Amino acid sequence: MSFDDPIVYPGRPGAAHHHTFFGNTAIDAFTTTENIRSKGNATCRGGTVNMSAYWVPSMIDTTTNRPLAPVSLLIYYKTGQWPYMNDNSVMRPLPKGLKMIAGDPSRSTPGQGQFQCFMPAVGQTRNGTGGPSIPTCMPGDTVRTHINFPQCWDGVNLDSPDHKSHMAFPENFWTGNPYKQWRCPLSHPVVLPLITFIVDYAVTAGAATNKWRLASDSYDVSKPGGYSLHADWMNGWDPVVSDLWGIKCMREQRDCGSANLGDGRSTLEFQGN
């Protein structure tokens with residue numbers, strides 16, 4: 001955890017709101033796509049072939065004004081809307097050097113992010129708790145946050161001034177086939193894997209989740225917390241490995257599971273490369 005943000009405030013330590021980082025252990029304000037694979041260690045299951053940086057605004061318990069340590073971050077790399085696209089587009093592996101932001105840290109109304117009370121004991125969401133703000137959960141639950149990144153790339157820029165414009169979400173495009181009604185916009189024609197963050201925070205006895213807010217929730221406290229949910233991603237994959245699963249798992253639409261490459265091997269076989 002720190003007040004750094006190497007995408008929005010590069011080279012300016014302490015300039016950001018409070019963030020919680022995952023993946024590469026040495027992420028700071030001076031991390032770049034050029035040095036990300038040469039610093040720190042890897043905490044993701046894929047090991048050192050995945051030195052990517054993942055971060056979100058910290059979850060703050062306003063009764064103590066302290067950030068809460070999450071239980072886990074689950075990152076999905078999926079085909080997303082690509083199987084339902086109708087323009088014969090070909091999915092490309094993640095380009096080296098790509099970075100992006102999902103969501104809006106300045107938002108004060110319901111946005112892209114979603115929350116729910118998840119019950120780990122039974123592996124289910126508590127009924128009626130899903131929505132765009134932090135719900136009131138029971139002890140033993142986790143507050144689960146969920147946010148998707150855009151998967152359409154302009155094919156040229158690895159970043160943009162707002163860190164979002166080089167990416168876009170697929171658009172609905174009706175062709176008469178209900179199973180094929182999506183495509184990337186003409187301005188962003190390259191389809192990439194869909195990245196999804198799912199972050200869980202444990203609800204302990206006595207916790208009041210209605211008093212939890214994100215570090216980026218700078219709007220009126222009379223509104224529920226969570227509207228400013230956003231997430232940042234900086235590519236730190238070994239490109240040989242991510243190109244491999246980008247084709248074997250994504251393009252060939254294999255159900256690879258965690259840390260598998262789609263060709264019978266695991267990322268764990270590549271440690272130290």
Side-chain angles (χ1 to χ4, degrees), residues 1-11 13 16 18-59 67-78 93-102 142 144-149 151 158-159 163 192-202 230-250 254-273:
M1 297 180 178
S2 78
F3 290 96
D4 288 356
D5 188 327
I7 292 181
V8 178
Y9 298 105
H18 202 262
H19 285 112
T20 298
F21 293 85
F22 306 83
N24 190 312
T25 59
I27 300 302
D28 57 21
F30 302 101
T31 301
T32 67
T33 53
E34 290 75 28
N35 66 24
I36 192 170
R37 286 199 50 76
S38 63
K39 56 188 293 183
N41 208 329
T43 61
C44 292
R45 187 176 177 189
T48 53
V49 297
N50 181 13
M51 297 290 284
S52 299
Y54 310 84
W55 65 98
V56 294
S58 294
M59 184 73 76
L68 299 168
V71 177
S72 66
L73 168 68
L74 178 63
I75 310 117
Y76 280 106
Y77 291 87
K78 301 181 287 187
L94 294 166
K96 181 180 178 181
L98 183 67
K99 49 188 173 183
M100 55 182 165
I101 297 176
T142 62
R144 171 163 287 187
T145 70
H146 184 287
I147 192 165
N148 290 326
F149 282 77
Q151 67 173 129
L158 299 173
D159 196 6
H163 315 294
L192 301 179
L194 167 65
I195 300 174
T196 300
F197 284 16
I198 297 177
V199 190
D200 280 2
Y201 301 86
H230 60 286
D232 300 64
W233 177 86
M234 183 181 289
N235 192 0
W237 278 92
D238 179 329
V240 173
V241 175
S242 61
D243 283 358
L244 177 59
W245 64 252
I247 294 172
K248 301 301 292 185
C249 297
M250 301 291 114
R254 300 171 184 263
D255 187 2
C256 289
S258 179
N260 293 321
L261 298 175
D263 66 350
R265 293 179 294 172
S266 165
T267 56
L268 299 177
E269 298 178 38
F270 289 82
Q271 298 315 292
N273 291 4

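Starting from 1, each residue takes its place in the sequence as its number. Keep in mind that this is a model prediction, so the values were computed, not measured.
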**OP:** Just do the side-chain contact (heavy atoms from CB on, under 4.5 Å) check on Tyr201 and Thr142 with the steps written out, would you?
**Re:** CA-CA 5 Å; Tyr201 301 86; Thr142 62; 5.8 Å; no
Subject >> From CA spacing to verdict: side-chain contact (heavy atoms from CB on, under 4.5 Å), Val8, Ile101 >> reply: CA-CA 9 Å; Val8 178; Ile101 297 176; 3.6 Å; yes
So do the side chains of [X] and [Y] get within less than 4.5 Å of each other, counting heavy atoms only?
X: Phe22; Y: Val56; value: yes
X: Leu158; Y: Asn235; value: no
X: Phe30; Y: Asn35; value: no
X: Pro6; Y: Ile27; value: yes
X: Pro57; Y: His230; value: yes
X: Asn24; Y: Met234; value: no
X: Leu98; Y: Trp233; value: yes
X: Pro70; Y: Thr20; value: yes

Original post:
Within the distance-only criterion (no hydrogens, no angle test), does the side chain of His163 pair as donor or acceptor with the backbone N or O of Lys99 below 3.5 angstrom?
Top reply: no
Original post:
Looking just at side-chain N and O atoms, do Thr31 and Lys39 make a donor-acceptor pair shorter than 3.5 Å?
Top reply: yes
Original post:
Does NZ belonging to Lys96 count more than 12 external heavy atoms closer than 6.0 Å?
Top reply: no
Original post:
Got more than 12 heavy atoms from elsewhere within 6.0 Å of OH, Tyr76?
Top reply: no
Original post:
With sequence neighbours left out, what residues match Ser258 under side chain to side chain contact (heavy atoms under 4.5 Å, CB included)?
Top reply: Arg45
Original post:
Which is it for Trp245 and Val49 under the side-chain contact (heavy atoms from CB on, under 4.5 Å) test, yes or no, and what are the steps along the way?
Top reply: CA-CA 12 Å; Trp245 64 252; Val49 297; over 6 Å; no
**OP:** Measure the spacing between CG of Leu73 and CD1 of Ile75 and express it to the nearest 0.5 Å.
**Re:** 4.0 Å
Original post:
Does the pair Asp232 and Asp5 meet the rule for a side-chain contact (heavy atoms from CB on, under 4.5 Å), with working shown?
Top reply: CA-CA 9 Å; Asp232 300 64; Asp5 188 327; 3.8 Å; yes
